[in-house]
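These figures come from a predicted structure and were not determined experimentally. Letters A, B, ... are given to chains in the order of the sequence lines, protein chains preceding strands, and every chain is numbered from 1.
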Number of protein chains: 2
Amino acid sequence: MTDLNEPMTQVPKPAETARRSDGGSREKEALPEAKLVEYAELLFFAYRDFTRDPDAILKDFGFGRAHHRVLHFVNRHSGLRVVDLLDILTITKQSLSRVLKQLIDKGYIVQQAGSADRRERLLYPTDKGRMLAERLAAPQLVRLADALHAAGPGAEVAVRDFLEAMVNAEDRPKVSSIMAASPRPLKRRDKEEGA
Amino acid sequence: MTDLNEPMTQVPKPAETARRSDGGSREKEALPEAKLVEYAELLFFAYRDFTRDPDAILKDFGFGRAHHRVLHFVNRHSGLRVVDLLDILTITKQSLSRVLKQLIDKGYIVQQAGSADRRERLLYPTDKGRMLAERLAAPQLVRLADALHAAGPGAEVAVRDFLEAMVNAEDRPKVSSIMAASPRPLKRRDKEEGA
DNA sequence: TCGTTTATGTCAGCCATGTTGACTTATCTT
DNA sequence: AAGATAAGTCAACATGGCTGACATAAACGA
């Protein structure tokens, strides 16, 4: 399987947008591979440091990065369902279960059965959960604000467009709808509750 | 410790640039917290998908993301030392050891004693290692090229400045020197080899 | 009403990859 | 010769992914 002994002549299928992978200066090609590699490395370093501050705080609470992710999305999009969270995090139910249970047991998140569909367990942060979420977010938001400021006036739009385009094309609508729905309940599919 | 029962009045220490954390409309403050949160989420989603393609390929080789990181930096900065790698990845020697040994045993990386300092084990990719590294990088580079293109003409500079500023200030010189030194040996401290 | 699907939860075990701590060997430096 | 440095190793442990198998409750469709 995937023998790797041919010298990479054919372009390995890209994400989904399938353009050329550089190597033959075709089209308007502005960025040489070497430049692109630098962006890849910068993204690695940026993300590495983006997670540092909250990771340190989490340790004081006996939590890990997985807890942060769950608490963040429950806090920013309270009322979401377990299945929404699974979809956002792209992990298995069992993996989520472990950290979610700990957050519930320790009083950072509460569940509430859905009113339209009582099978659903809508997730909400407690006051304690909200406070921890904000505390974890604070250094990240400062870092982002500083970085956007450092990148100049045009950066807000450019960085946003860039990050959005980095997401798998088929997931972009989902990501947009997640971000559009702030605090309140997440985009319910379509039952009888308003819409 | 870190009791969390006070309502977050004091600004939790930022990364290192220490500005205000929003909340009191001071200074030129352009970005409200809600906007910043969206950048945090977008960065999460972008990185999530950025690692997807190579992760899938790695599985075919019995490797994980940790192997990818090691192979990448050895390939792009061949001749680096183990300590350089530790510094880049910010993991322990023991964690690195495990994946590095596997990459060496399977013939993707070779070691060579340093000529100036024979204690050092300089790391180089084999042809096989180079091919795998390129194969793993390919979909990521396509994704980056597409995203930069989608973000418009000014995005290259803005995104680069943004990502650089996201890195811890004290690590920025190091990151720059890593990226400046492409293929050839990494910045040796200062022995008798030129400089 | 009954059967199926859906949303959630759970048990059990495995794997990848991070951690700490202790210690060895080879080599360079002073 | 002594001490510092680069690298490697052993052992134990924690986190957070994974698969597979199942259980329960509620909704839905025929």
Side-chain angles (χ1 to χ4, degrees), chain A residues 48 51-52 54-56 58-71 74 79-105 109-123 186 188-193, chain B residues 48 51-52 54-56 58-71 74 79-105 109-123 186 188-193:
Chain A
R48 182 195 69 173
T51 56
R52 275 220 189 309
D55 280 356
L58 286 158
K59 217 157 53 166
D60 293 338
F61 291 83
F63 289 143
R65 200 178 296 180
H67 300 86
H68 185 191
R69 290 194 283 250
V70 170
L71 184 56
V74 169
L80 47 48
R81 300 168 301 161
V82 170
V83 75
D84 296 322
L85 214 35
L86 291 177
D87 196 57
I88 287 169
L89 303 175
T90 328
I91 58 176
T92 60
K93 184 175 49 165
Q94 294 90 328
S95 294
L96 172 60
S97 165
R98 197 157 30 197
V99 293
L100 180 56
K101 199 188 308 184
Q102 292 167 346
L103 286 165
I104 291 171
D105 289 348
I109 290 177
V110 289
Q111 291 175 309
Q112 186 195 306
S115 53
D117 185 337
R118 296 210 316 278
R119 290 173 304 180
E120 298 173 350
R121 299 297 150 88
L122 309 186
L123 303 171
L186 203 56
R188 313 318 322 285
R189 268 77 52 81
D190 29 82
K191 288 284 181 57
E192 56 281 283
E193 83 299 324
Chain B
R48 182 196 69 174
T51 57
R52 276 226 185 308
D55 280 356
L58 286 158
K59 217 157 54 166
D60 293 339
F61 290 83
F63 290 144
R65 201 177 295 180
H67 300 86
H68 185 190
R69 290 195 282 250
V70 171
L71 183 57
V74 169
L80 47 49
R81 299 169 301 160
V82 170
V83 74
D84 297 322
L85 214 36
L86 291 177
D87 196 58
I88 288 169
L89 303 175
T90 327
I91 57 175
T92 61
K93 184 173 51 165
Q94 295 91 328
S95 292
L96 173 60
S97 166
R98 195 156 33 197
V99 294
L100 181 55
K101 199 188 307 182
Q102 291 167 344
L103 286 165
I104 291 170
D105 289 349
I109 289 177
V110 289
Q111 291 175 309
Q112 187 197 307
S115 53
D117 186 337
R118 297 209 317 280
R119 289 172 303 180
E120 299 175 349
R121 298 299 149 87
L122 309 185
L123 303 171
L186 203 56
R188 310 322 322 287
R189 269 77 52 82
D190 30 83
K191 289 288 181 57
E192 57 281 286
E193 82 299 326

Are any protein N/O atoms closer than 3.5 Å to N/O atoms in nucleotides 15-18 of chain C? If there are, list each pair with its distance.
unit_1	atom_1	unit_2	atom_2	d
C:dT17	OP1	B:R65	N	2.9
C:dT17	OP1	B:A66	N	3.2
C:dT17	OP2	B:H67	ND1	3.4
C:dG18	OP1	B:R69	NH2	2.5
C:dG18	N7	B:R98	NH2	2.5
C:dG18	O6	B:R98	NH1	3.3
C:dG18	O6	B:R98	NH2	3.3

Hey, are the side chains of A:L122 and A:Q111 touching, using non-hydrogen atoms and a 4.5 Å cut-off? no

When rounded to the nearest 0.5 angstrom, what is the spacing between CZ in B:R121 and CZ in B:R81? 13.5 Å

Is any side-chain heavy atom of B:L123 closer than 4.5 Å to a side-chain heavy atom of B:V70? no

Starting from C1' on C:dA7, measure out to CZ on A:R81 and report it in whole angstrom. 8 Å

Is any side-chain heavy atom of A:I88 less than 4.5 Å from a side-chain heavy atom of A:L80? yes

Could you tell me the separation between the NZ atom of A:K59 and the C1' atom of C:dT20, rounded to a whole number of Å? 11 Å

Shortest non-hydrogen separation from A:L58 to A:G64 and the atoms involved: CD1-O, 3.4 Å

Please list, chain by chain and in numerical order, all residues satisfying salt bridge (charged side-chain N to carboxylate O under 4.0 Å, His left out) with A:R69, sequence neighbours excluded. none

From the options A:T90, A:D84, A:V82, select the one residue that forms a side-chain contact (heavy atoms from CB on, under 4.5 Å) with A:L86. A:V82

Between the protein and nucleotides 9-11 of chain C, which nitrogen or oxygen pairs are less than 3.5 angstrom apart?
unit_1	atom_1	unit_2	atom_2	d
C:dG9	OP1	A:Q111	NE2	2.4
C:dG9	N7	A:K93	NZ	3.1
C:dG9	O6	A:K93	NZ	2.4

Using whole Å, report how far CG of A:D87 lies from P of C:dA7. 11 Å

Inter-end axis angle, the helix from C:dT1-D:dA30 to C:dT30-D:dA1, with every axis fitted to five base pairs (rounded, 10 degrees): 30°

Please report, rounded to the nearest Å, how far the P atom of C:dT27 is from the CD atom of B:Q112. 15 Å

What pair of heavy atoms forms the shortest contact from A:R118 to A:A113, and how long is it? O-CB, 4.0 Å

What is the distance from CG of A:D117 to P of D:dG29, rounded to the nearest Å? 12 Å

For B:R65, salt bridge (charged side-chain N to carboxylate O under 4.0 Å, His left out) partners two or more places apart: B:D55

Would you list the pairs meeting salt bridge (Lys or Arg N to Asp or Glu O under 4.0 Å) in which at least one residue belongs to residues 85-98 of chain B, sequence neighbours left out? B:D87-B:K174

Whole angstroms only, please: what is the CZ-P distance between A:R118 and D:dC28? 12 Å

Any side-chain N or O of B:R119 below 4.0 angstrom from OP1/OP2 of D:dA7? no

Gap separating the CZ atom of A:F63 from the CG atom of A:L71, nearest 0.5 angstrom: 8.0 Å

